[in-house]
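Shown next, in structure tokens, is the structure this report addresses.
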Amino acid sequence: RINVTLTSGTEFIAAAVIDFEVNNETFHYTTDQYGFCSAVIPILTAGNHTVTVRYNGDSYFNGVSEETLVAVMPAETAINFGFEQDSYKYGDDIKISVDIGNTTGTFKIKIYMDSVLIKTKSIGNDPYSNTSSLPTFDEWINLGSPNAGTHNVYIEFTGNENYIASPIR
């Protein structure tokens, strides 16, 4: 969210159209009676983005343009996983469901059993979507049939340009 107050001296400039430009897209907002408007910029990728705020002026006021740098940090990602059933007998295939939430781009998850990497899964979906409802990855993964006994399963998200890698869980 970027807030702007448009004034000329001590006078607020109401009902003025303010243009916000970022990543070659322009968003138009109108100031209120106090010369204020607040822009909500769609999802930006991690990194630095230049936002240009512009008022083109009118017959009473000159135009003005300002730039600001917005730094977007990579987001953290929560991993949730669960087993298809509570217990297994020797020879059964173990299936887990992995949910890494609202992530975009291409990334990998690594699945460990008893500290041994047993599966790496590459995942790719709609990167940099400008929608508020991003796709999720939620899938059953077959871990095969280990020896009888108690086993510890851990999941690691490798991260990408927009998400921080998660520790093994």
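Looking at T31, its side chain does come within 3.5 Å of a backbone N or O of A16 through a donor-acceptor pair. Listed for the Y29 side chain is a donor-acceptor partner under 3.5 Å among the backbone atoms of V40.
With sequence neighbours left out, the side-chain hydrogen bond (donor to acceptor under 3.5 Å, both in side chains) criterion links N3 to S38. Residues meeting the side-chain hydrogen bond (donor to acceptor under 3.5 Å, both in side chains) test with S8, sequence neighbours left out: none. By the ring-ring contact (aromatic ring centres under 6.0 Å, His included) test, Y55 pairs with no residue at all, sequence neighbours left out. With sequence neighbours left out, the side-chain contact (heavy atoms from CB on, under 4.5 Å) criterion links N24 to no other residue. Judged as a salt bridge (charged side-chain N to carboxylate O under 4.0 Å, His left out), and not counting sequence neighbours, E11 has no contacts. With sequence neighbours excluded, the residues that form a side-chain contact (heavy atoms from CB on, under 4.5 Å) with I41 are I2, F20, V22, F27, A39, L44.
When hydrophobic residues (I, L, V, M, F, W, Y) are linked wherever their side-chain heavy atoms come within less than 4.5 Å, the members clustered with F12 are Y34.
Note: N23 CG to T45 OG1 = 6.5 Å, rounded to the nearest 0.5 Å.
Screening residues 27-39 for salt bridge (Lys or Arg N to Asp or Glu O under 4.0 Å) gives no qualifying pairs among residues at least two apart or on separate chains. For residues 48-61, the salt bridge (Lys or Arg N to Asp or Glu O under 4.0 Å) pairs, not counting sequence neighbours, are E21-R54.
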Side-chain donor-acceptor contacts of residues 63-72 below 3.5 Å, not counting sequence neighbours, with atom names and distances?
none

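Using a 4.5 Å cut-off on side-chain heavy atoms (C-beta onward), V153 and I111 make contact.
For T26 against H28, the heavy-atom pair with the smallest separation is CG2-CE1, 3.7 Å.
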